[in-house]
S.K.: 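Have a look at this one.
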Amino acid sequence: MIVGDSKPLEEILEMIKDRPKVLVLGCRGCVTVCNVGGEKEVGILATTLRIARKKAGLPPTIDERTLERQCDPEYVEELAEVAEGYDAIISIACGVGPQFVSERYPTVRVFPGINTTFIGGALEHGVWGERCQSCGNCLVHNFGGLCPIARCSKSLMNGPCGGSANKKCEISPEVDCVWHLIVEKMEKMGRLQELAQVWPVKNWSTSRDGGPRKRVREDLKQ
Amino acid sequence: MKSGSNLEKMLSAGHFAVTGELGPPRGNNAEEVRHKAKHLKGIVESVNITDNQTAVVRMASWAACKILIDEGLEPNLQMVARDRNRIALQSDLLGATALGIKNVLCLSGDHQRFGDHPEGKNVYDLDSLQLLDTFRKMRDEKTFLNGKELDGAPEIFLGAAENPFADPFDFRPIRMAKKIAAGANFIQTQCIYNMPKFREFVKRIVDMGLHEKCYLLAGVTPLKSVGMANYMAKFVPGMDVPDTFIKRLKGVDKKEQAAEGIKIAIEQIHELKEMKGVAGVHVMAIEWEHRAKEIIEGAGLLPRPQV
Ligand code: SF4
Ligand code: SF4
């Protein structure tokens with residue numbers, strides 16, 4: 001899923017400071033699963049904003065709404081009747097949300113209420129980790145099912161580097177050295193010999209480096 | 001001969017080689033480079049010029065190399081994969097070799113998180129092995145990475161680094177073999193303090209026959225003080241400084257610690273000289289270039305043979 005983090009309250013208050021009528025807009029997709037932008041978080045953020053604005057003597061009108069998905073025009077359309085009545089919409093979906101909403105309602109100011117951080121998964125309750133950088137050419141099966149592009153701090157394809165110590169990455173004792181994990185896993189699988197080959201340079205053109213990407217499925221297009 | 005550099009000639013003649021290291025200044029102070037270089041002239045085969053080491057911005061490595069050449073020293077250009085993509089790396093190699101640089105050391109580079117611009121974006125288009133492979137290809141096949149022919153191919157003696165003390169230990173010799181397969185003609189190691197562990201590493205290298213495919217230069221860095229030893233032990237990732245050295249430095253008067261550190265370095269070199277599979281030493285007297293001579297002389301390695 002796409003994982004995000006709430007923006008600091010002060011930053012959001014500053015965004016909407018001169019805007020009397022505000023809508024907090026959630027999404028039932030990834031951000032609901034990672035507890036940052038679903039219906040529950042919409043309620044919490046709206047309440048917090050109301051209290052803070054009331055305290056500051058500002059209009060406390062903060063409405064709440066959660067769409068099925070903000071990355072689908074079909075659902076964004078549901079705001080057609082109301083969107084223009086707001087001075088600000090705070091989207092707490094991933095970065096796609098504020099873009100789709102402002103594209104559809106160009107006269108309304110749309111603000112991002114969360115920081116989209118990475119593509120990852122839940123490691124335990126309340127903890128998420130990065131797993132993929134959407135490089136456009138998945139290779140994880142060659143590395144014991146672990147992604148060196150997203151999880152090695154230097155995206156090394158021939159690691160581990162000289163900074164790997166006690167299974168941790170040189171950048172922080174909080175970060176696992178994925179290359180240590182790759183070596184361990186491949187050894188356990190009896191595949192260590194596969195790591196003895198030099199991995200050739202990667203073709204990054206399928207990644208963001210090739211420019212913004214678009215996927216077209218002719219069979220699905222209408 | 002790959003490049004006919006002094007370092008390559010010395011190693012292929014079977015002499016125990018000595019290399020040094022010099023960090024360019026944090027400014028364009030060319031005089032500082034000349035000053036440091038003076039201390040290393042005539043006592044080492046070639047001098048590694050670091051490339052924005054620890055991700056702190058410094059004078060470009062290739063430029064400091066050129067200053068060394070003008071001063072009559074042979075540089076070893078370090079290049080990290082952190083800051084440049086394949087376009088810039090290949091271009092810089094062409095420029096560097098056009099200026100007369102003959103030794104190049106390929107590294108991945110320290111992550112910028114600890115440098116002086118931690119908010120920067122890193123590149124890592126290639127890793128250190130892919131960088132070696134690219135430069136080897138430019139030299140041997142006379143083509144760019146994309147297969148297109150070069151108008152003038154670089155002649156270089158290619159190097160890589162290895163840290164025998166990084167984890168996982170058992171994988172290190174395999175990774176060194178990969179570096180050789182990718183094109184490394186010589187390998188310089190991280191500073192060695194844990195000699196028994198290094199001995200084990202070299203034994204594995206020799207068992208694999210890697211010492212016959214590539215020259216291994218063992219890294220030696222004198223400990224200047226207890227403070228430095230403690231810092232290296234605690235804060236430098238992948239550095240292994242046994243307590244015995246820290247105790248030994250603590251055992252002498254503060255004023256004598258530097259001399260004791262030099263004594264330790266000399267003892268280490270004596271030990272390394274006798275180790276099968278070790279072709280030379282890489283003396284990294286960081287910000288201590290003026291003491292390098294004492295160490296090299298003390299280890300009985302002066303005067304340097306002429307080849
Ligand atoms: S190899 Fe690419 S697509 Fe696969 S997990 Fe890693 S970044 Fe994602
Ligand atoms: S320590 Fe491991 S994860 Fe960190 S940069 Fe080096 S190889 Fe990558």
Side-chain angles (χ1 to χ4, degrees), chain A residues 133 135 137 139 143-144 146-189 191-210, chain B residues 54-55 80-82 85-86 89 107-114 118 122-134 136-137 145-146 160-184 189-191 208 219 235-240:
Chain A
Q133 240 169 54
C135 74
N137 182 14
L139 300 165
F143 303 101
L146 298 142
C147 174
I149 310 297
R151 298 179 64 187
C152 165
S153 302
K154 302 175 187 170
S155 295
L156 305 180
M157 306 202 62
N158 294 284
C161 77
S164 175
N166 305 315
K167 301 192 174 189
K168 296 298 172 188
C169 173
E170 70 173 35
I171 71 157
S172 159
E174 305 292 312
V175 178
D176 289 333
C177 170
V178 78
W179 265 104
H180 195 121
L181 302 176
I182 292 171
V183 170
E184 261 181 9
K185 179 91 180 282
M186 292 293 270
E187 199 166 11
K188 242 182 234 151
M189 294 171 88
R191 293 172 57 198
L192 196 61
Q193 216 33 50
E194 289 176 43
L195 293 183
Q197 62 161 321
V198 179
W199 266 94
V201 295
K202 187 166 166 63
N203 174 355
W204 293 106
S205 68
T206 55
S207 193
R208 241 291 309 174
D209 307 275
Chain B
T54 64
V80 302
R82 178 191 59 225
N85 70 3
R86 61 190 78 181
L89 287 163
L107 306 162
S108 59
D110 301 313
H111 194 271
Q112 80 278 5
R113 175 133 161 192
F114 299 111
N122 61 34
V123 181
Y124 291 118
D125 178 13
L126 310 183
D127 65 21
S128 57
L129 280 101
Q130 295 163 342
L131 183 58
L132 276 167
D133 199 39
T134 301
R136 182 201 49 74
K137 187 172 175 175
L145 188 55
N146 63 5
E162 190 48 62
N163 181 4
F165 309 103
D167 289 320
F169 182 69
D170 290 338
F171 192 69
R172 290 294 146 188
I174 302 176
R175 191 151 185 268
M176 182 165 146
K178 284 179 78 164
K179 290 200 170 178
I180 296 168
T189 77
Q190 173 72 284
C191 326
M208 289 167 79
F235 299 112
V236 181
M239 190 74 79
D240 185 346

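A, B, ... follow the sequence lines: proteins, then strands. Residue 1 opens every chain.
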S.K.: Below 4.5 Å from any heavy atom of chain B, which atoms of A/P160 appear? Answer side chain, backbone, both or neither.
M.R.: both
S.K.: So what's closer than 4.5 Å to chain B heavy atoms on A/N166: side chain, backbone, both or neither?
M.R.: both
S.K.: If you count heavy-atom pairs under 4.5 Å with chain A, which of B/D125, B/N122, B/L126 comes out on top?
M.R.: B/D125
S.K.: For chain B, find which of A/S172, A/C161, A/P200 contributes the most heavy-atom pairs closer than 4.5 angstrom.
M.R.: A/C161
S.K.: Do side-chain atoms of B/R175 reach the backbone of A/N158 as a donor and acceptor pair under 3.5 angstrom?
M.R.: yes
S.K.: Let's test your reading of the structure: which of A/G163, A/S164, A/S153, A/G159 forms the most heavy-atom pairs below 4.5 Å with chain B?
M.R.: A/S164
S.K.: Tell me if a side-chain donor or acceptor on B/K178 pairs with a main-chain N or O of A/Q197 at a distance below 3.5 Å.
M.R.: yes
S.K.: Determine whether A/D176 and A/L181 make a side-chain contact, defined as any pair of heavy atoms from C-beta on separated by less than 4.5 Å.
M.R.: yes
S.K.: If you round to the nearest 0.5 Å, how far is CG of B/N163 from CE of B/M239?
M.R.: 7.5 Å
S.K.: If the threshold is 4.0 Å, N to carboxylate O, is there a salt bridge linking A/K154 and A/E170?
M.R.: yes
S.K.: Compare all side-chain heavy atoms of B/D127 with those of A/W199 and state whether any distance is below 4.5 angstrom.
M.R.: no
S.K.: For B/L145, is it the side chain, the backbone, both or neither that has a heavy atom under 4.5 Å from a heavy atom of chain A?
M.R.: side chain
S.K.: Among A/V201, A/L192, A/V198, A/L156, which has the most heavy-atom pairs under 4.5 Å with chain B?
M.R.: A/V201
S.K.: Sub-3.5 Å donor-acceptor pair from the side chain of B/K179 to the main-chain atoms of B/S128, do we have one?
M.R.: no
S.K.: Hey, is the main chain of B/A81 close enough, under 3.5 Å, to the side chain of B/S108 for a donor-acceptor pair?
M.R.: no
S.K.: Heavy-atom distances under 4.5 Å only: say whether B/D110 touches chain A with side chain, backbone, both or neither.
M.R.: both
S.K.: Please rank A/C169, A/C177, A/A196 by heavy-atom pairs under 4.5 Å with chain B and give me the top one.
M.R.: A/A196
S.K.: In terms of heavy-atom proximity below 4.5 Å to chain A, should B/D133 be classed as side chain, backbone, both, or neither?
M.R.: neither
S.K.: Quick one: which of B/R86, B/Q190, B/R172 has the most heavy-atom pairs under 4.5 Å with chain A, could you say?
M.R.: B/R172
